[in-house]
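Here is the structure we will look at.
Remember, it's 1-based here, ligands and their atoms both numbered in the order they're listed. In this text the structure is predicted, and so the values were computed from the model without any measurement. The figures here come from the full heavy-atom set of this structure, side chains too, leaving out hydrogens, waters and symmetry mates.
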Amino acid sequence: MNFELSRFDLADAAIQKGDAMIVLVPKSFKPAGGVVSALIAEALKAGDLETKCGKSLHVYRAPGVTCARVVLVGCDEGLARQVRQAAAAAVAVVKSDRVKSLAVCFAWPPAGDAVRAVVAAIADATYVYSTTKPKADVRAVTRVVIGVSDVAAVQADFDHAVAAVHGVELAKEWANRPANYATPAMLAVAAKSLAKMPGIQCEVLGPKQVAKLGMGSFMAVSRGSEEELRFIVLRYHGAAKSQAPTVLIGKGITFDTGGISIKPALEMDEMKFDMCGAASVLGVFRALADLKPAINVVGLIPSCENMPDGKAVKPGDVVTSMSGQTIEILNTDAEGRLVLCDALTYAERFQPRAVIDIATLTGACVIALGGVRSGLFASADDLAGDLHAAGEAAQDPCWRMPLDDDYAEALKTNFADVANVGGRAGGAITAAKFLHRFAAKFPWAHLDIAGTAWKGGTAKGATGRPVPLLLNYLLAQAAKSMSAPRKPSRGTRRKSA
Ligand code: BES
Ligand code: MN
Ligand code: ZN
């Protein structure tokens, strides 16, 4: 999809070309001159148009208007959240095979976040999965022109939004692929092809190298599968080599049957989405290649299938993780933490400024937070604050959950350093406490995206979350490090205030 930013506003909306035009109308609407403005004023006066968010009026071949189809849509105060909802509703009204190009007009001078919201909403509402359904569903909308009166004022927000869309769509497409079209080896190929973009490098480790590293926990999960595991290492360099990177770790279970602790059949197909964390890491790197921010980022993806088999790991088996800690695998369906813990240990070698893992980790998190907010766990308050703020700004929200040591009591066992499951109580938190043991050497955060990474039911499909949150966070870090005073050189200590 091709997004363009163009210099026009409500006064010259009538002469804009396109198969359809969406005009966003706020409660505070003021006539601006021109045919479309007059049309809005008239419709409002007659009561045929409401400015309530998402309420729309479809106008066809209005005299003096170039676009044949015009959708006037209310958006309350014009806040980003409302713009997003309104734009999505308007696209639903005009969406048809005949609408290939869209023009978008704001009936007020929009702030940057409103422009970002419109781009995200239109991309989201027009995305069509294609990998295994290439011809039946072709994406109709291929061109979107967004009009603003001051292009320079919102250019950076627009660029950010378009990059985020590229990242989100890559994440969606890989996440939506069935497991036979998204094996660990195929994910590795996708990562390798990202490395053709500027600033990105990729290295892929196979079973032999992973064994040599001592990733006994990761290998245990993979044992029941005919598909070989892959450990994917992506790097983005946008700053000096000396600058500590942020490490993103994405859970890449390409299918989760539960293993010997097998899952029930109902909705098991949805466990093809158990690599949404990995897909989000790929998506973030796609966006980084577009935006080239001044930061360093490492992406780690431990990827394998979780299958039952004669060779599969059994409940009660004890394995040794890369960290040296032994783990009693009481439930083979709690496999995400088993692949993530070895990736966390691997992350130490980068001496990271922060490590963030992203995982469809627990059904318990879905019960706790539903599909609205991702679960956020963090060992450092500033990291938690920054991620929370990034989620709010990106309309990809998360909510902080606790990490009290008392929750770790449930993971005690007589047979290893730690068990891989506690009881049912606080399941999302005990999973995070398991990971916490492997994240002692750096500031760490964990995003449990089990509820937010995909939707079930008739709208079944990946959401691309939390690519927008992560991208917002990384861009904010880049902005911070650009404006921050240089670190005092080695050996000098600042006096504490
Ligand atoms: N991939 C699942 C988590 C999941 C389940 C996400 C349902 C979304 C919907 C994970 O590997 C898993 O199976 N977790 C278990 C952990 C339990 C055995 C402690 C779960 O949540 O049931
Ligand atoms: Mn599982
Ligand atoms: Zn899983």
Have a look at Val355 and tell me which of Thr246, Val298, Leu344 forms a side chain to side chain contact (heavy atoms under 4.5 Å, CB included) with it.
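Option passing the side chain to side chain contact (heavy atoms under 4.5 Å, CB included) with Val355: Leu344.
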
Considering non-hydrogen atoms of the protein only, which is the closest contact for atom 7 (C) of ligand 1, and what is the distance?
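So the nearest neighbour among protein heavy atoms is Met271 CE, 3.6 Å.
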
Which residue and heavy atom of the protein sit nearest atom 16 (C) of ligand 1, plus the separation:
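Among all protein heavy atoms, the one nearest atom 16 (C) of ligand 1 is Arg337 NH2, 3.8 Å.
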
Geometric N/O contact [X] with ligand 1, under 3.5 angstrom:
X      : answer
Thr362 : no
Asn331 : no
Lys263 : yes

Which of the numbered atoms in ligand 1 are under 4.0 angstrom from any heavy atom belonging to [X]?
X      : value
Val421 : 19 (C)
Glu335 : 11 (O)
Thr360 : 1 (N), 2 (C), 3 (C)
Gly363 : 3 (C), 4 (C), 5 (C), 20 (C), 21 (O)
Lys251 : 1 (N), 10 (C), 11 (O)

cation_pi(Arg349, Tyr346) dist<6.0 Å, angle<=45:
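Yes, a cation-pi geometry holds between Arg349 and Tyr346.
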
Cation-pi, Tyr127 ring and Lys172 (6.0 angstrom, 45 degrees)
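The answer is yes; both the distance and angle limits are met.
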
Side chain, backbone, both or neither: which applies to Asp256 and ligand 1 if a contact is any heavy-atom pair less than 4.0 Å apart?
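Side chain only.
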
What part of Asn306, side chain from CB on, backbone N/CA/C/O, both or neither, has a heavy atom under 4.0 Å from ligand 1?
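None of Asn306 does.
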
If you draw a sphere of radius 2.8 Å around the Zn ion (ligand 3), how many protein N/O/S atoms end up strictly inside it?
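Near the Zn ion (ligand 3), the number of protein N, O or S atoms below 2.8 Å is 4.
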
Looking from the Mn ion (ligand 2), what is the angle between OE1 on Glu335 and OD2 on Asp256, to the nearest 10°?
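That angle is 100°.
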
Could you please spell out the steps behind the side-chain hydrogen bond (donor to acceptor under 3.5 Å, both in side chains) verdict for Ser374 and Thr452?
CA-CA 6 Å; Ser374 304; Thr452 53; 2.8 Å; yes

For Gln209, does the CD atom sit with more than 12 other heavy atoms under 6.0 Å from it, leaving out its own atoms?
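Result for CD/Gln209: enclosed.
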
